[in-house]
Amino acid sequence: STGRFDGAGAPVPDFDVIGKGIAVVFRDGVAIQGIWERGQTGDFFRLFDADGDVIALRPGQTWFEIIPTDRTVDWQ
């Protein structure tokens, strides 16, 4: 645990998110499928589309949702 709590009082888990994996970036009303990469804990996430091109994020706040590898997510 991180020692922090969410708005409902539940503990905020600590995730060690290093390496690479599947990503879906929702931007401008479109779902862009690709991969994320992160070499070390202090590094920023790098996002790439299916062609290997960088997925640029828009200025402003960005939200990351971490999904366990044994689960799936559907969207429309």
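Worth saying up front: this structure is predicted, and the values here are computed from it rather than measured. Values reported hereafter were calculated over all heavy atoms of this structure, with side chains retained and with hydrogens, waters and symmetry mates removed. In what follows, residues are counted from 1 in the order of the sequence shown.
- For residues 48-68, the pairs satisfying ring-ring contact (aromatic ring centres under 6.0 Å, His included) are F45-F64, with sequence neighbours left out.
- Residues that satisfy the salt bridge (Lys or Arg N to Asp or Glu O under 4.0 Å) test with D28, not counting sequence neighbours, are R58.
- Note that the CD1 atom of I55 and the CD1 atom of I32 stand 5.0 Å from one another [nearest 0.5 Å].
- Annotation: salt bridge (Lys or Arg N to Asp or Glu O under 4.0 Å) contacts involving residues 63-73, sequence neighbours excluded, are absent.
- Distance alone, capped at 3.5 Å, is enough to place a donor-acceptor pair between the R38 side chain and the D43 backbone.
- Counting non-hydrogen atoms of other residues, nucleotides and ligands closer than 6.0 Å to CZ of R27 gives a total above 12.
- Listed here is the closest heavy atom pair of I18 and G39: CG2-O, 3.1 Å.
- Residue V25 is grouped with residue W36 when hydrophobic side chains (ILVMFWY) are merged at heavy-atom distances under 4.5 angstrom, including chains of intermediate members.
- Residues V17 and L47 share a hydrophobic cluster, clusters being chains of Ile/Leu/Val/Met/Phe/Trp/Tyr side chains in contact below 4.5 Å.
- Listed for the D49 side chain is a donor-acceptor partner under 3.5 Å among the backbone atoms of D51.
- Minimum heavy-atom separation, Q33 to V24: CG-CG2, 4.3 Å.
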